[in-house]
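A quick write-up on the structure given underneath.
Any value given below was found using the heavy atoms of this structure, including those in side chains, with hydrogens, waters and symmetry copies removed. Predicted model only: the values in this text are computed from it and were never measured.
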Amino acid sequence: GYNNFYEFTTDKELVRHPLIIGKFVTDPWQVEVTGLCEKPFKIDPQQLIADIGLEERVYRFRCVERWSMIVPWSGFTLRKIIEKAVPKRTAKYVKFVTAMIPKQMPGIARLPAYPWPYTEGLTMAEALHDLTFVATGIYGKPLPKQNGAPIRLVVPWKYGYKSIKSIVKIEFTAKQPKTLWETLSPEEYPFESNVDPGVPHPRWPQNIERLIGTGIQIRTQKYNGYAQVAPLYK
């Protein structure tokens with residue numbers, strides 16, 4: 001009930017409204033895995049589930065806007081898709097692209113200055129980390145449209161905008177991919193975007209977060225509490 005999905009609306013509490021998301025078609029769906037890999041492929045998320053299976057993960061979620069929550073996801077590690085594609089040694093990054101269907105996503109037309117489609121990226125080391133998760137479900141049910149149906153990324157030690165929704169393409173690249181928010185404002189949304197209370201956003205500090213639905217404020221932990229990723233950034 002509280003979500004960011006600008007392709008539909010900038011109103012976080014309206015994004016699940018049937019009139020906003022009702023035209024968005026998530027079945028059938030194809031994800032293209034391409035770029036610098038030996039075995040590129042296209043596949044439906046349901047086939048990925050059948051091939052890989054599902055597990056449950058409960059993760060902290062921290063938005064750059066300083067709100068947070070605990071989310072139970074279902075899905076599988078991104079590593080499973082990467083291994084299926086067999087990336088080449090020249091692949092250093094993984095680029096992700098969200099669906100761009102203006103007739104079904106009314107928010108796109110309202111934000112014409114944005115560099116659509118929504119894109120994000122990770123280093124190969126980040127993408128292969130065991131915490132990096134591909135979610136197809138939330139709260140024990142398939143993903144709703146507002147949460148990134150039918151397939152999305154979850155990177156729990158990074159700010160939420162790195163966890164791209166409604167993925168249509170995963171591409172292995174040699175160069176760091178341009179991402180939507182970094183393109184719009186690199187000083188506010190850098191490529192790395194790790195949760196770090198010691199690095200303030202230009203418009204607000206990041207050492208405190210607000211737990212959604214409670215009004216409680218707590219201190220933010222570095223890497224959102226997932227200290228096991230620290231070796232990635234030595």
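Using a cut-off of 4.0 Å between Lys/Arg side-chain N and Asp/Glu carboxylate O, D11 and R16 are scored as not salt-bridged. A salt bridge is absent between R219 and E209; no separation between the charged side-chain nitrogens and carboxylate oxygens falls under 4.0 Å.
Summarising the geometry of V195 relative to K158, their closest heavy-atom pair is CG2-C, 3.7 Å, with the distance given to 0.1 Å. What you find for Y161 and Y189 is that their closest heavy atoms are OH-CA, 3.3 Å. Across all non-hydrogen atoms, the minimal contact from L122 to A127 is CD1-CA, 4.0 Å. Across I108 and I101, no two heavy atoms sit closer than the pair CD1-N, 4.1 Å. Considering all non-hydrogen atoms of both residues, W157 and Y223 come closest at CB-O, 3.3 Å. Closest non-hydrogen pair, P117 versus T98, comes out as CB-O, 3.6 Å.
With N194 contributing its side chain and D196 its backbone, the two residues share no donor-acceptor pair below 3.5 Å. Side-chain atoms of S163 come within 3.5 Å of backbone atoms of V155 as a donor-acceptor pair (strictly under, hydrogens ignored). Put simply, the side chain of R152 gets close to the backbone of N147: a donor and an acceptor are under 3.5 Å apart. The backbone N or O of P72 lies less than 3.5 Å from no partner atom in the side chain of R57, so there is not a single donor-acceptor pair. Here the side chain of K165 pairs a donor or acceptor atom with the backbone of N4 at under 3.5 angstrom. Not one N or O on the side chain of Y114 forms a donor-acceptor pair closer than 3.5 Å with the backbone of E7.
Going from atom CZ of R203 over to atom CD of E187 covers 9.0 Å, rounded to the nearest 0.5 Å. Going from atom OG1 of T77 over to atom CD1 of I52 covers 7.5 Å, rounded to the nearest 0.5 Å.
Both tests pass for K162 against the ring of F191: distance under 6.0 Å to the centre and angle within 45° of the axis. Cation-pi geometry between K169 and F96 is not met at under 6.0 angstrom from the ring centre and within 45 degrees of the axis. Under a cutoff of 6.0 Å and an axis angle of 45°, R62 and Y159 do not form a cation-pi pair.
Side-chain contact between Q206 and V199: absent, with no pair of heavy atoms (C-beta onward) separated by less than 4.5 Å. When side chains are defined from C-beta on, V94 counts as touching I170, because their heavy atoms get closer than 4.5 Å. Put simply, the side chain of R66 does not reach to within 4.5 Å of the side chain of R210, judged on heavy atoms. Inter-residue side-chain proximity for P197 and Q221 is flagged as unmet; no heavy-atom pair is nearer than 4.5 Å. Y118 places none of its side-chain heavy atoms less than 4.5 Å from the side chain of M100. Inter-residue side-chain proximity for P150 and T136 is flagged as unmet; no heavy-atom pair is nearer than 4.5 Å.
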Requested in this report: Step by step, work out the side-chain contact (heavy atoms from CB on, under 4.5 Å) result for T220 and N207.
Outcome: CA-CA 5 Å; T220 293; N207 60 332; 5.6 Å; no
Query raised in the report: What's the verdict on side-chain contact (heavy atoms from CB on, under 4.5 Å) for Y59 and Y226, showing C-alpha distance, side-chain angles and the deciding distance?
Result: CA-CA 10 Å; Y59 280 159; Y226 297 97; 3.6 Å; yes
Requested in this report: For side-chain contact (heavy atoms from CB on, under 4.5 Å), just list the numbers for T119 and K178, CA-CA rounded to whole Å, side-chain angles, deciding distance to a tenth of an Å, and then say yes or no.
Outcome: CA-CA 7 Å; T119 56; K178 293 183 178 180; 5.6 Å; no
Requested in this report: Run the numbers on E188 and E182 for side-chain contact (heavy atoms from CB on, under 4.5 Å), then give the verdict.
Outcome: CA-CA 8 Å; E188 296 187 64; E182 184 186 25; over 6 Å; no
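Hydrophobic clustering (ILVMFWY, side-chain heavy atoms < 4.5 Å, transitive): I218 and V64 are in distinct clusters. Clustering ILVMFWY residues whenever any of their side-chain heavy atoms sit less than 4.5 angstrom apart, transitively, puts M105 in the very cluster that holds L111. L211 and W204 are not part of a single hydrophobic cluster, where members link through side-chain heavy atoms under 4.5 Å apart. Hydrophobic clustering, with ILVMFWY side chains joined whenever heavy atoms are under 4.5 angstrom apart, keeps Y93 apart from V97. One hydrophobic cluster, built from ILVMFWY side chains closer than 4.5 Å, holds both I151 and I138.
No hydrogens or angles considered: nothing links the side chains of T132 and R79 as a donor-acceptor pair under 3.5 Å. If you check the side chains of Y233 and E126, you find a donor sitting under 3.5 Å from an acceptor. Side-chain contact check for K12 and N3: no donor-acceptor pair (N or O, by modelled atom type) lies under 3.5 Å.
In this structure, F8 has its ring center closer than 6.0 angstrom to the ring center of F5. A centroid separation of 6.0 Å or more is found between the aromatic rings of W73 and Y139.
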With a 3.5 Å cut-off and sequence neighbours excluded, list the donor-acceptor pairs that the side chains of residues 22-44 form with protein atoms.
| residue | atom | partner | partner atom | Å |
| --- | --- | --- | --- | --- |
| W29 | NE1 | I167 | O | 2.8 |
| D44 | OD1 | Q46 | N | 2.7 |
| D44 | OD2 | W29 | N | 3.4 |

